[in-house]
Amino acid sequence: MEYDRNQQKTVLVIGGGVSGLMTAWILLDKGYNVSIVAKDWAGKTKQITSQIAGALWEYPPGGCGISEIEVPVLAYSQLEQYQKWAMQSFLFYKKMVDMDQANPKFGARMITLYQFFHHDHSEAPIGGASSKTLETAKKHYEKYEKIHKLDKGEAFHSVNHDGFHVEWGYRHQAPVIDTDKAMEFLMKLVQAKGAVLETRDIKGDLHLHERELLDDFQADIIVNASGLGAHTLANDNQVFPVRGAVKRINIPHEFLKDNAVLLPQQYDASNRPSKTVFIVPRNENTLVVGSIVQRNNWDLNLTHQSPEVEAMWARATDFITHLDAISADMRSNSCRIVHNYGHGGSGWTLAVGCAWTCVKLVEKVLHEGKSGSMANAEIRGLNQC
Ligand SMILES: Cc1cc2nc3c(=O)[nH]c(=O)nc-3n(C[C@H](O)[C@H](O)[C@H](O)COP(=O)(O)OP(=O)(O)OC[C@H]3O[C@@H](n4cnc5c(N)ncnc54)[C@H](O)[C@@H]3O)c2cc1C
């Protein structure tokens, strides 16, 4: 019955990244007609952000913790909300891991993630991303996977931390996603389920194009999942780029085949923000090494020779020996746009949870006849999807 009702409605999703495709998948399964518009798609030649990503699932706040947690913007949600979204995604990726074991399609697998910290939180938690992460992660996450605190011997058994003041750590199982595979899977899946894809660059404020897009696609509502594109499309100055880079190399030794190593961005022993070390096996052959976190940098001109890329590589090789081998924006009652952007460095971690919230918002507008302003008030309090 609900499915039949939904078949009368069409949703236009803007964005062919993980946020747009996950949202489209849920909408299609609920019976909606879906069109997806994007100026770029994941592929072999041109790569969009969702494909470039690591992509490691992390319990929020993750590796980019300082930049995401310490630069709260108006539309910033509560940490607890990010954690809920992340756990929804976690359970989804676990299913994908099981599916992949029978028939490898999605490209998800569980690895052991070693997280290291500059301060010893076991004795005297100093606040900040890392200690909070462990406390709350234990509440949510230990239902599914055990979190092991590392003693110094174990923590540093397989890695060489000389030169780094690393005092403490823990390890747990975490999903890692081979984004080349997963994006291809998602693209094929939504098309097989009936989504119509169109390549189009929408210029300027989306509100100026709203009527024309709804007419063109005979759509009832628009979901804006345009990632950084939302800076212009949603005319949202709070959306800013966080430039990153990762290197992909062959896996140099056994330990790194199934183990990831992360030194999240945090305050170091001298209380200065430190840089990230991100070493993640994306599949049996490829190791992803990162990362750089540069706020407000729009340039796409990084090369292997860029000083920050060389520094990133040096941090990783120092750390591990042998390496060198939503908010809804409804300005008026008639507005038909729901936004799903602004995931920072955690788009894969939050993707599934945010997609579910986004679909709920779409349904609120489509079926509950909520006026724009009412929905807006409720939604802003709850989500930043
Ligand atoms: C180096 C790096 C490493 C990362 N590692 C991780 C990680 O380990 N774990 C994790 O969870 N996250 C990670 N991330 C973050 C993650 O990649 C992003 O949060 C996520 O990909 C955002 O997905 P998205 O679908 O919202 O946006 P995108 O992937 O950017 O997709 C946006 C889509 O919208 C389209 N679009 C934009 N503007 C317009 C327009 N005007 N008209 C039409 N279409 C438009 C684009 O063409 C594209 O199809 C990393 C990011 C980087 C850069």
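For ligands, and for the atoms within them, numbers begin at 1 and follow the listed sequence. The shown structure was predicted, so the numbers you read here are calculated from the model rather than taken from an experiment. Numbering of residues begins at 1 and proceeds along the displayed sequence.
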| note | So the atoms of ligand 1 within less than 4.0 Å of a heavy atom of S346 turn out to be 10 (C), 11 (O), 12 (N), 15 (C)
| field | ligand 1 atoms in contact with A245 (distance to a heavy atom under 4.0 Å) | value | 1 (C)
| Can you find a heavy atom in the side chain of H304 that is under 4.5 Å from one in the side chain of W313? | no
| task | For ligand 1, find out whether one of its N or O atoms is nearer than 3.5 Å to an N or O atom of G16. | result | yes
| Yes or no on salt bridge (Lys or Arg N to Asp or Glu O under 4.0 Å) for E363 and K360, after CA distance, side-chain angles and deciding distance? | CA-CA 5 Å; E363 298 202 304; K360 269 195 205 153; over 6 Å; no
| task | Look at the aromatic rings of Y341 and H339 and report parallel, tilted or perpendicular, splitting at 30° and 60°. | result | perpendicular
| query | How are the rings of F106 and Y93 set to each other: parallel, tilted or perpendicular (split at 30° and 60°)? | reply | tilted
| So, is G345 polar-close to ligand 1, with some N/O to N/O distance under 3.5 Å? | yes
| task | Please confirm whether the backbone N or O of I147 pairs with a side-chain atom of E142, one donor and one acceptor, at under 3.5 Å? | result | yes
| task | Indicate whether the side chain of Y59 and that of H140 have a donor and an acceptor atom separated by less than 3.5 Å. | result | yes
| Parallel, tilted or perpendicular: rings of Y114 and F255 (30°, 60°) | tilted
| Hey, does the side chain of N33 reach the backbone of Q7 with a donor-acceptor pair shorter than 3.5 angstrom? | yes
| remark: ligand 1 to F278, heavy atom cutoff 4.0 Å, flagged ligand atoms 8 (O)
| request: Can you sort out which atoms of ligand 1 are near L233, meaning under 4.0 Å from one of its heavy atoms? | output: 40 (C), 41 (N)
| task | Give a yes or no on whether the backbone of G43 and the side-chain of Q51 come within a donor-acceptor separation of less than 3.5 Å. | result | yes
| Should E80 and K84 count as an ion pair when the cut-off is N to O under 4.0 Å? | no
| query | Does any N/O atom on W348 come nearer than 3.5 Å to any N/O atom on ligand 1? | reply | yes
| Is it true that D201 lies under 4.0 Å from ligand 1, counting heavy atoms only? | yes
| remark: among protein heavy atoms, the one nearest atom 28 (P) of ligand 1 is S50 OG, 3.8 Å
| query | Hey, does V246 come in under 3.5 Å of ligand 1, counting only N/O atoms on both sides? | reply | no
| request: Using a strict 4.0 Å cut-off to heavy atoms of A55, name the atoms of ligand 1 that fall inside it. | output: 7 (C), 8 (O)
| query | Does an N or O from L56, backbone or side chain, lie closer than 3.5 Å to an N or O of ligand 1? | reply | yes
| said: For ligand 1, which is the ligand I care about here, please tell me if T349 has any N or O atom under 3.5 Å from one of the ligand's N or O atoms. | reply: yes
| Is D100 reaching over with its side chain to a backbone N or O of K105, donor-acceptor style, under 3.5 angstrom? | yes
| Is the shortest distance from a heavy atom of S291 to ligand 1 less than 4.0 Å? | no
| query | N/O of I202 under 3.5 Å from N/O of ligand 1, yes or no? | reply | yes
| field | Selection from S226, G290, G20, A42 by shortest heavy-atom distance to atom 32 (C) of ligand 1 | value | S226
| request: Can you pull out the closest protein heavy atom to atom 43 (C) of ligand 1? Residue, atom name and distance to 0.1 Å, please. | output: R200 O, 3.1 Å
| query | So is K203 polar-close to ligand 1, meaning N/O to N/O under 3.5 Å? | reply | no
| note | Residue, atom and distance of the protein heavy atom nearest atom 35 (C) of ligand 1 read G15 CA, 3.9 Å
| So, is G54 polar-close to ligand 1, with some N/O to N/O distance under 3.5 Å? | yes
| query | Tell me, which protein residue and heavy-atom name are nearest atom 44 (N) of ligand 1, and how many Å apart are they? | reply | K39 N, 3.0 Å
| message | Quick check: closest heavy atoms across R282 and R109, and the distance to 0.1 Å? | response | O-NE, 4.0 Å
| said: I'd like to know whether F92 forms a ring pair (Phe, Tyr, Trp, His ring centres under 6.0 Å) with W25, so could you lay out the CA-CA distance, the side-chain angles of the two residues, the decisive distance to 0.1 Å, and finally the verdict. | reply: CA-CA 13 Å; F92 168 85; W25 182 354; 5.5 Å; yes
| query | To which protein heavy atom is atom 46 (C) of ligand 1 closest, and what is the distance rounded to 0.1 Å? | reply | D40 O, 4.0 Å
| What is the nearest protein non-hydrogen atom to atom 24 (P) of ligand 1, stated with its residue, atom name and distance? | S19 OG, 3.3 Å
| query | Starting from atom 16 (C) of ligand 1, which protein heavy atom do you reach first, and at what distance in Å? | reply | G347 N, 3.8 Å
| request: Scan side-chain atoms only and decide if T357 and W85 contain a donor-acceptor pair under the 3.5 Å cut-off. | output: yes
| field | Subset of ligand 1 atoms that lie under 4.0 Å from at least one heavy atom of G229 | value | 37 (C), 38 (N)
| Side-chain donor-acceptor pair under 3.5 Å between N301 and R243, yes or no? | yes
| message | Among all the protein's non-hydrogen atoms, which is closest to atom 50 (C) of ligand 1, and how far away is it? | response | A53 CB, 3.6 Å
| Looking at L206, I14, L233, I221, which one forms a side chain to side chain contact (heavy atoms under 4.5 Å, CB included) with I337? | L206
| field | Ligand-side contact atoms (ligand 1) for residue partner G244, heavy atom cut-off under 4.0 Å | value | 1 (C)
